[in-house]
Amino acid sequence: MENIIREGNPTLRARAKAVTFPMNAENKELAGKMMEFLENSQDPEIAEKYKLRAGVGLAAPQVDVSLRMTAVLVPDENGAPLFKHVLVNPTILSESVRMAALSEGEGCLSVDREVPGYVPRHDRITLRWYDLDGNKHVEKLRDYVAIVCQHEIDHLNGILFYDHINKKNPFETDPSTILIG
Ligand SMILES: CNC(=O)c1cccc(C)c1Nc1nc(N2CCN(c3ccccc3Cl)CC2)nc(N2CSC[C@H]2C(=O)NC)n1
Ligand code: NI
């Protein structure tokens, strides 16, 4: 897995370019490696052996490739994949008025420090994306999966999670925001 870039690398703040179809072998291979990284990062033995930090999402800009592609692997409580997709050219078609935030805040593989605070996001989204074969998918997502996808899509637009944290009061939330987890 190519090295994950950290804050300060301009690629993290750039708007990534759309992926063209049919996808070339190089981009398909990268997608596979990004998903494999997430799988490895979630395996206690492998993560320990290679000192990997666990993640449920990894966007191409985080491995210094400015393309609109992100791997997402959210396990259920038994460790089976609840949501496992490489999202190519993802678009949020609609979003709930209701907001949600992870009660423990968010972490990012490209941010080697804790940035405390609630990250307000939409509780539900309708997401459109393309898979590696160019097939279109449209799904309604909610709660944790919706939050993770919004975090990863932010990476494609050069946005980092702490950009959303209220500077004055990081743990301030308006009444419409539900806390998750
Ligand atoms: C500062 N407090 C915190 O970070 C924080 C603190 C506590 C709880 C949460 C819930 C927090 N928040 C948070 N925890 C995660 N993980 C929980 C552990 N898990 C995991 C770990 C081990 C094996 C398998 C797995 Cl699955 C991996 C994922 N992931 C994200 N994010 C934000 S959206 C993208 C996603 C991401 O992949 N980040 C690297 N946030
Ligand atoms: Ni991130």
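Everything numeric here is computed off the predicted structure, so don't read it as measured data. All ligand and atom numbering here is 1-based and tracks the order in the structure.
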In terms of ring plane angle, is the pair His137 and Trp129 parallel, tilted or perpendicular, where the classes change at 30° and 60°?
parallel
With a 4.5 Å limit on heavy-atom distance, are the side chains of Leu93 and Val138 in contact?
yes
Using heavy atoms and a threshold below 4.0 Å, how should the contact between Tyr162 and ligand 1 be classified: side chain, backbone, both, or neither?
neither
Linking I/L/V/M/F/W/Y whenever their side-chain heavy atoms sit closer than 4.5 Å, directly or via other members, would Leu67 and Val88 fall into one cluster?
yes
Nearest non-hydrogen protein atom to atom 10 (C) of ligand 1, with distance, is Leu102 CD1, 4.3 Å
Identify which of Gly105, Cys149, Pro44, Gly107 has a heavy atom lying nearest to atom 11 (C) of ligand 1.
Gly105
For ligand 1, is there an atom lying under 4.0 Å from some heavy atom of Gly181?
no
hydrophobic_cluster_shared for Leu132 and Leu38, side chain cutoff 4.5 Å
yes
Does ligand 1 have an atom that lies less than 4.0 angstrom from a heavy atom of Ile147?
no
Just to the nearest 10 degrees, tell me the angle at the Ni ion (ligand 2) spanned by Cys108 SG and His151 NE2.
120°
Do the side chain of Ser103 and the main chain of Leu179 share a donor and acceptor less than 3.5 angstrom apart?
no
In ligand 1, the atoms that come under 4.0 Å of a heavy atom of Glu152 are 34 (C)
Closer than 4.0 Å to some heavy atom of Gly57 - which atoms of ligand 1 meet that?
37 (O)
Within reach of ligand 1, part of Pro75 (heavy-atom separation under 4.0 Å)
side chain
When rounded to the nearest 0.5 Å, the distance separating CD of Glu36 from CD of Glu29 is 10.0 Å
So which atom in Ala101 and which in Tyr118 form the shortest heavy-atom distance, rounded to 0.1 Å?
CB-CB, 4.0 Å
For atom 26 (Cl) of ligand 1, what's the nearest protein heavy-atom neighbour? Residue, atom name and distance, please.
Val56 CG1, 3.5 Å
At a 4.0 Å cut-off, with the gap strictly under it, does some heavy atom of Tyr144 reach an atom of ligand 1?
yes
Is His151 touching ligand 1 with its side chain, its backbone, both, or neither, if touching means heavy atoms under 4.0 Å apart?
side chain
Cationic N near anionic O, under 4.0 Å, Glu39 to Lys84:
yes
Report the nearest protein non-hydrogen atom to atom 20 (C) of ligand 1: residue, atom name, distance rounded to 0.1 Å.
Ala54 CB, 3.7 Å
Does Arg121 count as lying over the ring of Phe161, i.e. NZ or CZ under 6.0 Å from the six-ring centre, within 45 degrees of the axis?
no
What residue and atom, counting heavy atoms only, is the protein's closest point to atom 2 (N) of ligand 1, and at what distance?
Glu104 O, 2.7 Å
So if I apply the salt bridge (charged side-chain N to carboxylate O under 4.0 Å, His left out) rule between Asp123 and each of Arg142, Lys140, Arg98, which one comes out positive?
Arg98
Would you kindly specify which portion of Arg53 sits under 4.0 Å from ligand 1, judged on non-hydrogen atoms: side chain, backbone, both or neither?
neither
Would you say atom 39 (C) of ligand 1 has a protein heavy atom nearer than 4.0 Å?
yes
